[in-house]
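Below is one structure, written out as structure tokens; the observations come after it.
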Amino acid sequence: MQKLLNQPGSYVDETLDGILLAHGDILRRVDDEPRAIVRRDAGTRTKVAIVTGGGSGHLPLFLGYVGEGLADGCAVGNLFASPSAQQMLAVMRAVSTGAGVLQLYGNYSGDRLNFDIAARMAGAEGIESTTALGADDVASAPPDSRVDRRGVAGIAFAYKTAGAAAEEGGSLVEVTEIAQRTLTRTRSMGVALAPCVLPTVGEPNFEVEPGFMELGMGIHGEPGVSRGRLKPADSVVDEMWEAVIGDFDDSLKESVAVLVNGLGATPSEELYIMYRRVAQRAEASGLRIVLSHVGEYATSLEMVGASISVLALDDDLERLLRAPARFWPSRFLRT
Amino acid sequence: MQKLLNQPGSYVDETLDGILLAHGDILRRVDDEPRAIVRRDAGTRTKVAIVTGGGSGHLPLFLGYVGEGLADGCAVGNLFASPSAQQMLAVMRAVSTGAGVLQLYGNYSGDRLNFDIAARMAGAEGIESTTALGADDVASAPPDSRVDRRGVAGIAFAYKTAGAAAEEGGSLVEVTEIAQRTLTRTRSMGVALAPCVLPTVGEPNFEVEPGFMELGMGIHGEPGVSRGRLKPADSVVDEMWEAVIGDFDDSLKESVAVLVNGLGATPSEELYIMYRRVAQRAEASGLRIVLSHVGEYATSLEMVGASISVLALDDDLERLLRAPARFWPSRFLRT
Amino acid sequence: MRLTIDSVAFRQALIGASQALIDSKRELGRLDAAGGDGDLGVTLETGFAAARHHLEQSEQEGIDTQIRMVGEILCREAPSTMGTLFGTALTMASMSFASESLNGSSLVEFLEQLADEIAALGRVEEGQRTALDALRPAARAARIAHDASGGDVDKVLHAACAAAAAGAEATASMPAVVGRARWTAERAAGSVDAGARACAIWLCALHVGMDQ
Amino acid sequence: MRLTIDSVAFRQALIGASQALIDSKRELGRLDAAGGDGDLGVTLETGFAAARHHLEQSEQEGIDTQIRMVGEILCREAPSTMGTLFGTALTMASMSFASESLNGSSLVEFLEQLADEIAALGRVEEGQRTALDALRPAARAARIAHDASGGDVDKVLHAACAAAAAGAEATASMPAVVGRARWTAERAAGSVDAGARACAIWLCALHVGMDQ
Ligand SMILES: Nc1ncnc2c1ncn2[C@@H]1O[C@H](COP(=O)(O)OP(=O)(O)O)[C@@H](O)[C@H]1O
Ligand SMILES: Nc1ncnc2c1ncn2[C@@H]1O[C@H](COP(=O)(O)OP(=O)(O)O)[C@@H](O)[C@H]1O
Ligand SMILES: [Mg+2]
Ligand SMILES: [Mg+2]
Ligand SMILES: [Mg+2]
Ligand SMILES: [Mg+2]
């Protein structure tokens, strides 16, 4: 395990310590819940609050999306495991200002069970909440079972649009509608070329032999749609692009936002090689890429691979995507 | 080779195509020199121009630092190989507005040879230029041969300070002095846990056996100061921190800027685990971390490892580091 | 023939059952990796280590409280799908018990309620390759053994253990339709469901622990 | 005994020498990896492939132009340390030649100038584990062979090849003091300097190519 860590068991907490030390001007811990982290200014201004959370090992997911113009708080689980309902409730309490709370997270059963429990507990305390689930991975279920799909990198779009809608003063219903509209209009697909190792487990959770790849693999190594020989990047992108675009209904008009996401160890050079092909394909399909993002938005430790996400824009979503936001994972030389 | 690419020989050009497609609002190619890339607005406003360049495979180095408040243009070499003097000259011509050009790049012999030739050719055309070399890697030569040291991630600080000084209207002498002052006050050290593979070569350029690490290794796999068993992150940071801090002369007062840089495949979780220790050590030494940056600032494709850079601040440098800048590698959901 | 178990013996058995899951970290991790994301071994190790620690510190607790505390600790420390389902189910089912001692029929009711809660919370039926495929057969076998033996707690637990183990084995040939494993049809084929196996390990260790 | 070489034969030999470096990609890459960053094989392959392509397209070029073009192409297409030094040195030294044909003494002067340029541009002396440790002995041996043979170009080139090869071998025991290899003392120990080896390959292929 070629990793820079101390005890595997303290991996998550030490990561959080480092994040809070580096970004203490943006983030703070909730008292007595070290895994419940909120915006430094959480709870001070009346607005709809957005809470998120999930397993660790996916930075910048989920905590990276806590910041001005994005989410307000995050419950942080162990590696690849949901945080607890108590931790989620602590986040909800800390961010709630009476305008309601949107739970925005990925469609995994552990997270759903716990967020649902947290919502019930919060409701008992008078905190109203709604839910929007990222379920963008087209490889994880056929179109007629869309609600069963897992959430991958595409949720980044929803943090941005819903975050902007909340910042603008939208009501809980409005912010929820924006989040759900964004998620409903987002499709993603990934490809894995090599696994990662959970430090607490100490061995890879799946195998991809050298020279092979798995198309459609999820960010925890959930199996994809096909395993085969590693092909040239353009062919890989073509297959992913066709699966993603082919899955859209008539919501896909002219304008799209695109995210080419690295899973951890794939160099950004290769993400741009992929983006090049995506841009070619979009142009050939008469699609206009209005916003593009190439980098790491949802990783799986040092997994090798990438994913492509497409959001079918409408005017509202485009405007909200362009709103200002403070994304601490990409700060550069500025406080 | 678990890589997403087409032909190894087109790796660099396709990466550039993707970057220009994604960031065409910030960057453009110089006519007839596809490897010479400048700010879209290059040459339109009279100011000292900053040019950089070097081998590919290190994104965001070097091209990532072209943008408002940073460098004005970049010559892009093949993987781990200098760009040519002609390419550098093309960049210098495109960015020059008569106020002079600062060549700011890393201390490698191929780059020096070519930048020096380019400077002579530019001089013959009436373009005045100066040079500032990143030579921050304390592991690469003892303090009494500081000029022999290689440049690693620390140059990021100099792009920021010199870029801000140029943006403020500083003269060539002033901007050069700021760049050199920044570089003289910067120290770095890296650690490698596993090599990368140049796609054009197809095999790792060095070996680090599992369970081992090499302290002080350079970003091309140049050997470091010691190879030994992989230790806990805190011990690794301690060794790096002591080497970096111990190398400073009396320029190190109270305030520092810190960069914890991933070499490619190391997850940002682990960079924050390292930063946590850095912050502890800084506090114990009575140093105040005024600005901190944790992420990928100078990589080596998918090399596993990290580096720590420290800049001993003074008031000028701190002010310049805080100036606005447009760093395209970390754009998020915003044009 | 034993008709009751007191809270001291039950606590020892619960500590042993916690330890059994801690010791199965690697096996459960690998089973979960085959059909899921591979965290279950670590997750239950973390959760049951906290549970064991609590049990060791609190000698005075009654049986109902012991079970409820294990459930709450799992929910807090091991909140993955399995940890949450099992923890919540334990918390709910803890009400089947009195504080001082348990008898065969409260044990059977507890097992039945455990299965009911998992089925309700997880929205699953038998045959869907989940923890329920160990728990439901265990509850059924426990009821039969109870009636046949006139309420012998050891017989009840023995039957539950054997049925849970067999039920877990049988999941190897079931197609997954819920949870993460539903995405893994092929890869998980032929391997036992991790959550079902965890239930069998827990019940069998409880049996062995109380038999002592 | 051959006293002159015409531009047609020289072009063929230059093409052969380019091919020899293309074919040595792997060897040179590994040698450079031992002491440097491992790019030299690819870098020279790229540069000499472009050079060969040019030579094949331009049948009318004189010897001086051929050498200058190879030099300029290397500077443009292979601008690493070695590519730039060798390319620049070739460009400068191309002036030793006439256009139509070369003789033994212009060949010796060319080799001497090549070594002088590398020494000046790279600021190196013999014994520092660089390309110069192949080129300087080659120039010296060429001068001796020229004087002894009365200007036989084949003898001159044979001597240059042999001395360059021996000089390159000798670098294996030299400590590096310049270039990337100065940081690699230990790792490179015992292996031949990549740049010196490249010079030997080039000179020997030139010799073989002109001998045909
Ligand atoms: N809906 C469900 N109902 C009952 N048990 C379930 C359900 N979904 C999953 N499980 C059980 O949970 C186990 C996996 O647990 P765990 O690793 O905690 O899940 P995850 O990592 O997906 O959150 C499975 O082996 C299965 O037995
Ligand atoms: N200052 C120098 N003078 C002469 N030759 C040099 C010098 N520095 C390096 N070399 C030669 O260059 C070779 C490495 O070439 P190359 O791979 O192009 O360098 P880099 O990758 O460091 O730019 C070395 O093996 C050595 O022979
Ligand atoms: Mg999990
Ligand atoms: Mg090089
Ligand atoms: Mg799991
Ligand atoms: Mg080299």
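Everything numeric in this text was worked out from a predicted model, so none of it was measured. Computed from heavy atoms alone, side chains included, the values below leave out hydrogens, waters and symmetry copies. In what follows, chains carry the letters A, B, and so on, assigned in the order in which the sequence lines appear, proteins first and then strands, with residues in each chain numbered from 1.
- A:T186 is linked by a side chain to side chain donor-acceptor pair (under 3.5 Å) to nothing, counting only residues two or more places apart in sequence or in another chain.
- Here the straight-line distance linking atom OG of A:S268 with atom CD1 of B:I19 works out to 7.0 Å at 0.5 Å rounding.
- When heavy atoms are compared at a cutoff of 4.5 Å, A:E209 approaches chain B solely by way of its backbone atoms N, CA, C and O.
- Listed options B:D17, B:L5, B:V304, B:L16 were ranked by heavy-atom pairs under 4.5 angstrom with chain A; first place goes to B:L5.
- In terms of heavy-atom pairs under 4.5 Å with chain B, the best-connected choice from A:F327, A:Y159, A:W328 is A:F327.
- Annotation: salt bridge (Lys or Arg N to Asp or Glu O under 4.0 Å) contacts involving residues 287-301 of chain B, sequence neighbours excluded, comprise B:E254-B:R288.
- The minimum heavy-atom distance linking B:P267 with A:E302 is given by the pair CG-OE1, 3.7 Å.
- A distance of 6.0 Å or more separates the ring centres of B:Y275 and A:H23.
- Residue-level contacts of residues 7-15 of chain B with chain A, in order of numbering, are B:Y11, B:E14, B:T15; threshold 4.5 Å between heavy atoms.
- Judged by distance alone, with hydrogens and angles left aside, the side-chain atoms of A:E269 form no donor-acceptor pair with the main-chain N or O of B:L301 at under 3.5 Å.
- The greatest number of non-hydrogen atom pairs below 4.5 Å with chain A, out of B:M274, B:K231, B:Q2, B:M303, is found for B:Q2.
- Looking at A:A279, the atoms closer than 4.5 Å to chain B (heavy atoms on both sides) all sit in the side chain, from C-beta outward.
- Annotation: the span from B:L59 atom CG to A:E270 atom CD amounts to 10.5 Å, rounded to 0.5 Å.
- Proximity to chain B (any heavy atom under 4.5 Å) is restricted, for A:L230, to the side chain, taken from C-beta onward.
- Checked by atom type and distance alone, the side chain of A:D234 never pairs as donor or acceptor with a backbone atom of B:N6 at under 3.5 Å.
- Scanning for side-chain contact (heavy atoms from CB on, under 4.5 Å) contacts around A:A165 gives A:V175, A:I178, A:L320, with sequence neighbours left out.
- Within a 6.0 Å radius of CD in A:E203, more than 12 heavy atoms belonging to other residues, nucleotides or ligands are found.
- Nearest heavy-atom pair, A:A265 versus B:A265, reported as atom, atom and distance to 0.1 Å: CB-CB, 3.6 Å.
- Between A:I273 and B:L4, every side-chain heavy-atom pair lies at or beyond the 4.5 Å cut-off.
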